[in-house]
Amino acid sequence: MDVLVTLNQVSKRYGRHIALHDVNWRICRGECAAITGDNGAGKSTLLHILAGLAMPDKGTIIINNGEVSIGYVPEFFPGLKFTPREYLAHMGRIQGLSKQAASKRVEGLISMFQMEQSSNRLMNGFSKGMLQKVNLMQALLGMPDLLVLDEPLSGLDEHVQHEIAKLLTEIKQQGTSIVMSVHEHLLISAVADRLVVMKNGKIMRDGLTDLTYQRNPRARSRVVFHGISPEHCIHIEQMDGFIKWISQGAPKEADIARECSNEMLQYILDAGGSILSLQQLKGPELPVEHQCVSKSKKAVIG
Ligand SMILES: Nc1ncnc2c1ncn2[C@@H]1O[C@H](COP(=O)(O)OP(=O)(O)OP(=O)(O)O)[C@@H](O)[C@H]1O
(Lines give C-alpha, C1' and ligand atoms only; values in the text may rest on other atoms or scores of the structure.)
Protein backbone atom coordinates (compact mmCIF):
# COMPACT_ATOMS: atom_id res chain seq x y z
CA MET A 1 0.00 0.00 0.00
CA ASP A 2 1.29 3.45 -0.91
CA VAL A 3 1.30 5.43 2.35
CA LEU A 4 1.15 9.19 1.81
CA VAL A 5 1.53 10.49 5.36
CA THR A 6 2.34 8.66 8.60
CA LEU A 7 2.00 10.13 12.08
CA ASN A 8 4.08 8.40 14.75
CA GLN A 9 3.33 9.03 18.44
CA VAL A 10 2.14 12.55 17.65
CA SER A 11 1.09 14.77 20.57
CA LYS A 12 -0.02 18.39 20.66
CA ARG A 13 -0.88 20.51 23.65
CA TYR A 14 -2.31 23.98 24.05
CA GLY A 15 -0.99 25.25 27.37
CA ARG A 16 -1.86 22.51 29.83
CA HIS A 17 -4.55 21.02 27.62
CA ILE A 18 -3.54 17.94 25.61
CA ALA A 19 -5.35 18.16 22.26
CA LEU A 20 -3.64 15.09 20.72
CA HIS A 21 -2.16 12.28 22.71
CA ASP A 22 0.38 9.85 21.16
CA VAL A 23 -1.52 9.44 17.91
CA ASN A 24 -0.33 6.83 15.42
CA TRP A 25 -2.07 7.10 12.11
CA ARG A 26 -1.54 6.98 8.38
CA ILE A 27 -3.37 7.73 5.16
CA CYS A 28 -2.76 5.82 1.95
CA ARG A 29 -3.07 6.84 -1.69
CA GLY A 30 -6.67 6.71 -2.96
CA GLU A 31 -8.22 6.35 0.51
CA CYS A 32 -10.95 8.52 1.96
CA ALA A 33 -11.02 8.72 5.77
CA ALA A 34 -13.78 10.42 7.76
CA ILE A 35 -12.84 11.56 11.25
CA THR A 36 -15.63 11.92 13.72
CA GLY A 37 -15.91 12.54 17.46
CA ASP A 38 -17.35 14.95 19.99
CA ASN A 39 -16.54 18.67 20.00
CA GLY A 40 -13.02 19.16 21.28
CA ALA A 41 -11.98 15.57 20.52
CA GLY A 42 -8.94 16.79 18.55
CA LYS A 43 -10.16 16.39 14.95
CA SER A 44 -9.16 19.85 13.71
CA THR A 45 -5.82 19.63 15.50
CA LEU A 46 -5.11 16.34 13.73
CA LEU A 47 -6.11 17.86 10.36
CA HIS A 48 -3.93 20.94 10.94
CA ILE A 49 -0.93 18.73 11.66
CA LEU A 50 -1.62 16.56 8.61
CA ALA A 51 -1.92 19.64 6.41
CA GLY A 52 1.30 21.12 7.81
CA LEU A 53 -0.51 24.08 9.40
CA ALA A 54 0.57 23.14 12.94
CA MET A 55 3.59 21.34 14.30
CA PRO A 56 3.30 18.57 16.87
CA ASP A 57 5.03 19.02 20.23
CA LYS A 58 6.10 15.40 20.16
CA GLY A 59 6.28 12.64 17.59
CA THR A 60 7.17 12.46 13.92
CA ILE A 61 5.42 12.99 10.60
CA ILE A 62 6.68 11.00 7.64
CA ILE A 63 5.75 12.22 4.17
CA ASN A 64 6.05 9.74 1.30
CA ASN A 65 9.40 10.61 -0.35
CA GLY A 66 8.92 14.10 1.10
CA GLU A 67 6.74 14.85 -1.93
CA VAL A 68 3.04 14.78 -1.12
CA SER A 69 1.05 17.82 -2.23
CA ILE A 70 -1.74 18.70 0.16
CA GLY A 71 -4.80 20.89 -0.36
CA TYR A 72 -6.54 22.22 2.75
CA VAL A 73 -10.20 23.25 2.97
CA PRO A 74 -10.82 25.29 6.15
CA GLU A 75 -14.18 25.16 7.88
CA PHE A 76 -14.93 28.81 7.18
CA PHE A 77 -14.26 30.68 3.97
CA PRO A 78 -14.79 34.46 3.82
CA GLY A 79 -16.91 36.20 1.19
CA LEU A 80 -14.14 38.23 -0.48
CA LYS A 81 -14.56 41.18 -2.83
CA PHE A 82 -13.28 39.12 -5.78
CA THR A 83 -15.02 36.97 -8.32
CA PRO A 84 -14.20 33.23 -8.10
CA ARG A 85 -12.33 33.53 -11.41
CA GLU A 86 -10.12 36.36 -10.12
CA TYR A 87 -9.56 34.78 -6.73
CA LEU A 88 -8.73 31.33 -8.09
CA ALA A 89 -6.42 32.73 -10.76
CA HIS A 90 -4.49 34.65 -8.03
CA MET A 91 -4.36 31.58 -5.81
CA GLY A 92 -3.13 29.47 -8.72
CA ARG A 93 -0.27 31.94 -9.30
CA ILE A 94 0.54 31.97 -5.56
CA GLN A 95 0.68 28.17 -5.66
CA GLY A 96 3.29 28.37 -8.41
CA LEU A 97 1.21 27.70 -11.55
CA SER A 98 2.05 29.67 -14.69
CA LYS A 99 -0.59 32.19 -15.82
CA GLN A 100 -1.72 29.85 -18.60
CA ALA A 101 -1.77 26.74 -16.40
CA ALA A 102 -3.68 28.60 -13.67
CA SER A 103 -6.25 29.85 -16.15
CA LYS A 104 -6.73 26.36 -17.66
CA ARG A 105 -7.09 24.78 -14.23
CA VAL A 106 -9.56 27.45 -13.07
CA GLU A 107 -11.74 26.91 -16.14
CA GLY A 108 -11.66 23.14 -15.57
CA LEU A 109 -12.72 23.56 -11.95
CA ILE A 110 -15.46 26.08 -12.78
CA SER A 111 -16.88 23.56 -15.22
CA MET A 112 -16.54 20.60 -12.80
CA PHE A 113 -18.28 22.59 -10.05
CA GLN A 114 -20.89 23.98 -12.48
CA MET A 115 -20.10 27.52 -11.38
CA GLU A 116 -20.13 29.08 -14.88
CA GLN A 117 -23.02 31.41 -14.09
CA SER A 118 -21.59 32.78 -10.86
CA SER A 119 -17.89 32.74 -11.69
CA ASN A 120 -17.85 36.47 -12.56
CA ARG A 121 -19.91 37.64 -9.57
CA LEU A 122 -18.31 39.08 -6.44
CA MET A 123 -18.09 36.44 -3.71
CA ASN A 124 -19.17 38.82 -0.93
CA GLY A 125 -22.74 38.22 -2.14
CA PHE A 126 -22.41 34.42 -2.21
CA SER A 127 -24.39 31.92 -0.14
CA LYS A 128 -22.53 29.59 2.25
CA GLY A 129 -22.85 26.72 -0.22
CA MET A 130 -21.35 28.72 -3.09
CA LEU A 131 -18.50 29.89 -0.86
CA GLN A 132 -17.83 26.31 0.19
CA LYS A 133 -17.52 25.31 -3.46
CA VAL A 134 -14.93 28.06 -4.07
CA ASN A 135 -13.19 26.94 -0.86
CA LEU A 136 -12.97 23.42 -2.27
CA MET A 137 -11.84 24.67 -5.68
CA GLN A 138 -8.94 26.67 -4.18
CA ALA A 139 -7.70 23.53 -2.44
CA LEU A 140 -7.85 21.57 -5.71
CA LEU A 141 -5.94 24.12 -7.81
CA GLY A 142 -2.60 22.39 -7.39
CA MET A 143 -4.05 18.91 -8.06
CA PRO A 144 -3.17 17.70 -4.56
CA ASP A 145 -2.40 14.08 -3.70
CA LEU A 146 -4.23 14.61 -0.43
CA LEU A 147 -7.22 16.82 0.30
CA VAL A 148 -7.79 17.75 3.95
CA LEU A 149 -11.22 19.13 4.82
CA ASP A 150 -12.44 20.50 8.14
CA GLU A 151 -16.20 19.90 8.46
CA PRO A 152 -16.98 20.49 4.77
CA LEU A 153 -20.77 20.28 5.22
CA SER A 154 -20.99 22.56 8.25
CA GLY A 155 -23.92 24.97 7.99
CA LEU A 156 -24.96 23.89 4.48
CA ASP A 157 -28.51 23.01 3.48
CA GLU A 158 -29.37 19.46 2.49
CA HIS A 159 -29.29 20.10 -1.25
CA VAL A 160 -25.80 21.63 -1.15
CA GLN A 161 -24.62 18.87 1.22
CA HIS A 162 -25.53 16.31 -1.45
CA GLU A 163 -23.82 18.40 -4.14
CA ILE A 164 -20.60 18.57 -2.10
CA ALA A 165 -20.79 14.82 -1.34
CA LYS A 166 -21.10 14.15 -5.09
CA LEU A 167 -18.13 16.39 -5.87
CA LEU A 168 -16.01 14.70 -3.21
CA THR A 169 -16.91 11.31 -4.67
CA GLU A 170 -15.73 12.51 -8.10
CA ILE A 171 -12.53 13.90 -6.59
CA LYS A 172 -11.89 10.56 -4.86
CA GLN A 173 -12.55 8.68 -8.10
CA GLN A 174 -9.89 10.84 -9.77
CA GLY A 175 -7.39 9.34 -7.31
CA THR A 176 -7.11 12.09 -4.68
CA SER A 177 -6.89 10.86 -1.09
CA ILE A 178 -9.25 12.61 1.30
CA VAL A 179 -9.20 13.14 5.06
CA MET A 180 -12.14 15.06 6.50
CA SER A 181 -13.64 15.78 9.87
CA VAL A 182 -17.38 15.22 9.80
CA HIS A 183 -20.42 15.38 12.03
CA GLU A 184 -22.90 14.33 9.30
CA HIS A 185 -23.57 10.71 8.39
CA LEU A 186 -23.93 11.60 4.69
CA LEU A 187 -20.19 11.85 3.99
CA ILE A 188 -19.44 8.71 6.00
CA SER A 189 -21.96 6.66 4.05
CA ALA A 190 -21.52 8.28 0.63
CA VAL A 191 -17.81 8.98 0.35
CA ALA A 192 -15.64 7.52 3.15
CA ASP A 193 -13.89 4.15 3.01
CA ARG A 194 -12.53 4.47 6.52
CA LEU A 195 -14.10 5.77 9.69
CA VAL A 196 -11.94 7.15 12.49
CA VAL A 197 -13.48 7.94 15.86
CA MET A 198 -11.61 10.32 18.19
CA LYS A 199 -12.11 11.03 21.87
CA ASN A 200 -10.03 13.20 24.20
CA GLY A 201 -7.18 13.52 21.71
CA LYS A 202 -6.94 9.80 20.98
CA ILE A 203 -8.07 7.54 18.16
CA MET A 204 -10.60 5.12 19.62
CA ARG A 205 -11.56 3.29 16.42
CA ASP A 206 -10.11 3.18 12.95
CA GLY A 207 -11.47 0.80 10.38
CA LEU A 208 -13.38 0.39 7.17
CA THR A 209 -16.92 1.75 7.21
CA ASP A 210 -19.61 -0.93 7.35
CA LEU A 211 -20.80 0.17 3.91
CA THR A 212 -17.33 -0.39 2.49
CA TYR A 213 -17.44 -3.94 3.84
CA GLN A 214 -20.82 -4.45 2.20
CA ARG A 215 -19.69 -2.99 -1.13
CA ASN A 216 -16.49 -4.92 -1.12
CA PRO A 217 -16.70 -7.80 1.31
CA ARG A 218 -13.03 -8.40 1.79
CA ALA A 219 -12.32 -11.66 3.51
CA ARG A 220 -10.91 -10.97 6.95
CA SER A 221 -9.82 -12.79 10.06
CA ARG A 222 -10.00 -11.97 13.73
CA VAL A 223 -6.80 -12.73 15.60
CA VAL A 224 -6.43 -12.90 19.39
CA PHE A 225 -2.90 -12.68 20.76
CA HIS A 226 -0.81 -11.49 23.66
CA GLY A 227 2.74 -10.89 24.76
CA ILE A 228 3.95 -8.12 22.47
CA SER A 229 5.13 -4.60 23.29
CA PRO A 230 3.20 -1.36 22.52
CA GLU A 231 5.85 -0.52 19.87
CA HIS A 232 5.13 -3.79 18.07
CA CYS A 233 1.39 -3.04 18.28
CA ILE A 234 2.02 0.30 16.57
CA HIS A 235 3.90 -1.52 13.83
CA ILE A 236 1.01 -3.96 13.40
CA GLU A 237 -1.43 -1.04 12.96
CA GLN A 238 0.75 0.21 10.15
CA MET A 239 1.05 -3.09 8.34
CA ASP A 240 -0.85 -3.78 5.12
CA GLY A 241 -3.98 -5.66 5.99
CA PHE A 242 -4.55 -4.30 9.51
CA ILE A 243 -8.24 -3.38 9.68
CA LYS A 244 -9.09 -2.47 13.27
CA TRP A 245 -8.64 -3.26 16.91
CA ILE A 246 -11.47 -5.13 18.58
CA SER A 247 -9.71 -4.99 21.94
CA GLN A 248 -6.41 -3.46 22.95
CA GLY A 249 -6.49 -5.01 26.42
CA ALA A 250 -4.89 -8.33 27.37
CA PRO A 251 -5.27 -10.38 25.29
CA LYS A 252 -5.38 -8.16 22.22
CA GLU A 253 -7.88 -8.77 19.45
CA ALA A 254 -7.76 -7.36 15.92
CA ASP A 255 -9.40 -7.77 12.54
CA ILE A 256 -6.94 -8.27 9.69
CA ALA A 257 -7.31 -8.86 5.96
CA ARG A 258 -7.16 -12.58 5.34
CA GLU A 259 -4.76 -12.28 2.41
CA CYS A 260 -2.22 -10.62 4.75
CA SER A 261 -2.78 -12.85 7.76
CA ASN A 262 0.31 -15.05 7.31
CA GLU A 263 2.58 -12.02 7.31
CA MET A 264 0.83 -10.53 10.36
CA LEU A 265 0.89 -13.73 12.37
CA GLN A 266 4.54 -14.23 11.54
CA TYR A 267 5.27 -10.70 12.77
CA ILE A 268 3.44 -11.30 16.08
CA LEU A 269 5.35 -14.52 16.66
CA ASP A 270 8.70 -12.98 15.68
CA ALA A 271 7.98 -10.14 18.13
CA GLY A 272 7.71 -12.71 20.92
CA GLY A 273 3.90 -12.89 21.05
CA SER A 274 1.58 -15.87 21.18
CA ILE A 275 -1.47 -16.38 18.98
CA LEU A 276 -4.47 -17.53 21.01
CA SER A 277 -6.97 -17.84 18.18
CA LEU A 278 -7.63 -17.06 14.55
CA GLN A 279 -11.18 -16.84 13.31
CA GLN A 280 -12.19 -16.25 9.70
CA LEU A 281 -14.89 -13.63 9.14
CA LYS A 282 -16.70 -12.23 6.15
CA GLY A 283 -18.64 -8.96 5.93
CA PRO A 284 -19.08 -6.49 8.76
CA GLU A 285 -20.42 -8.65 11.56
CA LEU A 286 -20.88 -12.22 10.45
CA PRO A 287 -18.36 -14.81 11.55
CA VAL A 288 -18.72 -17.61 9.00
CA GLU A 289 -16.19 -20.09 10.14
CA HIS A 290 -14.11 -20.75 13.21
CA GLN A 291 -10.79 -21.91 11.89
CA CYS A 292 -8.24 -22.77 14.52
CA VAL A 293 -7.12 -22.23 18.07
CA SER A 294 -3.45 -22.78 18.62
CA LYS A 295 -0.38 -21.41 20.28
CA SER A 296 1.90 -23.19 17.89
CA LYS A 297 3.59 -21.23 15.10
CA LYS A 298 3.32 -24.07 12.63
CA ALA A 299 -0.31 -24.90 13.29
CA VAL A 300 -1.46 -21.29 12.88
CA ILE A 301 0.54 -20.31 9.84
CA GLY A 302 0.92 -23.57 8.00
N1 LIG B 1 -5.49 27.43 19.41
C2 LIG B 1 -5.94 26.80 20.51
N3 LIG B 1 -5.66 27.28 21.73
C4 LIG B 1 -6.09 26.65 22.85
N5 LIG B 1 -6.80 25.50 22.84
C6 LIG B 1 -7.10 24.99 21.65
C7 LIG B 1 -6.68 25.60 20.42
N8 LIG B 1 -7.12 24.83 19.40
C9 LIG B 1 -7.78 23.80 19.95
N10 LIG B 1 -7.77 23.90 21.29
C11 LIG B 1 -8.36 22.93 22.23
O12 LIG B 1 -7.90 21.64 21.87
C13 LIG B 1 -8.96 20.69 21.94
C14 LIG B 1 -9.13 20.02 20.60
O15 LIG B 1 -9.62 21.01 19.70
P16 LIG B 1 -9.99 20.67 18.20
O17 LIG B 1 -10.43 21.94 17.57
O18 LIG B 1 -8.89 19.92 17.58
O19 LIG B 1 -11.24 19.69 18.42
P20 LIG B 1 -12.36 19.22 17.36
O21 LIG B 1 -12.55 17.77 17.58
O22 LIG B 1 -11.99 19.68 16.00
O23 LIG B 1 -13.65 19.99 17.89
P24 LIG B 1 -14.91 20.58 17.06
O25 LIG B 1 -15.73 19.41 16.61
O26 LIG B 1 -15.62 21.40 18.08
O27 LIG B 1 -14.37 21.41 15.93
C28 LIG B 1 -10.19 21.46 22.42
O29 LIG B 1 -10.32 21.29 23.81
C30 LIG B 1 -9.87 22.89 22.09
O31 LIG B 1 -10.49 23.76 23.00
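Source: prediction; values computed, not measured. Atoms within each ligand, like the ligands themselves, are counted from 1 in listed order.
With a heavy-atom cut-off of 4.0 Å, D38 touches ligand 1 through its backbone alone. The side chain of H183, and not its backbone, has at least one atom closer than 4.0 Å to an atom of ligand 1 (non-hydrogen atoms only; side chain from C-beta on).
There is no protein heavy atom closer than 4.0 angstrom to atom 31 (O) of ligand 1. Under the 4.0 angstrom criterion, atom 14 (C) of ligand 1 counts as having a protein heavy-atom contact.
Ion pair R29/D145 flagged as a salt bridge, since at least one NZ, NE, NH1 or NH2 atom sits closer than 4.0 Å to an Asp/Glu carboxylate oxygen. Salt bridge K202/D22: absent, no basic N to carboxylate O contact under 4.0 Å.
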Give the C-alpha distance, both sets of side-chain angles, the deciding distance and a yes or no for ring pair (Phe, Tyr, Trp, His ring centres under 6.0 Å) between F77 and Y87. CA-CA 12 Å; F77 184 75; Y87 168 74; 5.5 Å; yes
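You'll find the side chain of E163 reaches within 4.5 Å of the side chain of K133, heavy atoms only. At a threshold of 4.5 Å between non-hydrogen side-chain atoms, the residues L46 and L7 count as touching. Using a 4.5 Å heavy-atom threshold, the side chains of L131 and M123 count as touching. Residues P84 and M137 form no side-chain contact, since every pair of their non-hydrogen atoms from C-beta on lies 4.5 Å or further apart.
Within the listing of ligand 1, atoms 19 (O), 20 (P), 21 (O) sit less than 4.0 angstrom from a heavy atom of A41. Contact atoms of ligand 1 toward E151: 25 (O), 27 (O) (distance under 4.0 Å to a heavy atom of the residue).
For atom 10 (N) of ligand 1, the nearest protein heavy atom (residue, atom name, distance) is Y14 CD1, 3.4 Å. With hydrogens left out, the protein atom closest to atom 25 (O) of ligand 1 is K43 NZ, 2.8 Å, a heavy atom. With hydrogens left out, the protein atom closest to atom 29 (O) of ligand 1 is H17 NE2, 3.0 Å, a heavy atom. Nearest to atom 16 (P) of ligand 1 among the protein's heavy atoms is T45 OG1, 3.6 Å.
Without hydrogens or angle criteria, T169 side chain to A165 main chain gives a donor-acceptor distance under 3.5 Å.
Distances between N or O atoms of A19 and those of ligand 1 include no value under 3.5 Å.
Comparing V182, N39, L46, N200 against atom 26 (O) of ligand 1, the shortest heavy-atom distance belongs to N39. When S44, G40, G201, S181 are ranked by how near their heavy atoms come to atom 22 (O) of ligand 1, first place goes to S44.
Follow the hydrophobic side-chain contacts under 4.5 Å out from F113 and you never reach M143; the two are in separate clusters.
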